[in-house]
Amino acid sequence: KAGKQATVLASTATWDVHSADPSVELAPYTAERLRAVTAPGFSPRPKLLAPLRVLRVERAAGGGFDVVASWKAAENMPPPGPLRKPLGADATDRGAEGSEVVVHTAQPPLLCTGFEGSVAS
């Protein structure tokens, strides 16, 4: 909402995951925020790219960073449940499985891989 452009590279299109197990979906608050910024008329809308596997991050010759990723096989997402409101996010153009995509960013990319709980096993 701050007028910034964002690109999300994800191993799974988590914004389209609908499951009876809430631990594998986006939290309701996060899903609602994502729904708001991907709605028609919102600008700039984030670019959502999945399924991708990030291979490496390199410093770009002209400054900034290049994130090099490889397209994974297409995923079959189950249909949404009766209580789930679909996100309706447009998937950005998808490459062929195994092909690489390079996303350039002026800022260091953020690695968001979840978290480890504080409960000792």
For a side-chain contact (heavy atoms from CB on, under 4.5 Å) check, start with the C-alpha distance between Val103 and Asp66, then their side-chain angles and the critical distance, and finish with the verdict. CA-CA 6 Å; Val103 178; Asp66 289 332; over 6 Å; no
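- Expressed to the nearest 0.5 Å, how far CG of Leu34 lies from CG of Leu48 amounts to 6.0 Å.
- Residues Val101 and Val68 have side chains not in contact (no heavy-atom distance under 4.5 Å, counting atoms from C-beta outward).
- The side-chain contact (heavy atoms from CB on, under 4.5 Å) search around Ser11 returns Lys72, not counting sequence neighbours.
- The distance from the NZ atom of Lys47 to the CG atom of Leu9 is 10.5 Å, given to the nearest 0.5 Å.
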Review item, side-chain donor-acceptor pairs of residues 51-63, under 3.5 Å, at least two apart:
unit_1: Arg56; atom_1: NE; unit_2: Glu58; atom_2: OE2; d: 2.6

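- Within the 3.5 Å criterion, the main-chain N or O of Leu26 finds no donor-acceptor partner in the side chain of Thr30.
- Listed by chain and number, the residues in a side-chain contact (heavy atoms from CB on, under 4.5 Å) with Thr105 are Phe65, Gln107, Pro109 (sequence neighbours excluded).
- In this view, Ser99 and Trp71, Ala96 satisfy the side-chain contact (heavy atoms from CB on, under 4.5 Å) rule, not counting sequence neighbours.
- Glu97 meets the salt bridge (Lys or Arg N to Asp or Glu O under 4.0 Å) test with no other residue; sequence neighbours excluded.
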Go through the steps for Gln5 and Arg45 under the test side-chain contact (heavy atoms from CB on, under 4.5 Å), then give the verdict. CA-CA 7 Å; Gln5 179 61 53; Arg45 294 172 70 182; over 6 Å; no
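- Taking 4.5 Å as the limit, some side-chain heavy atom of Pro46 sits within range of a side-chain heavy atom of Val37.
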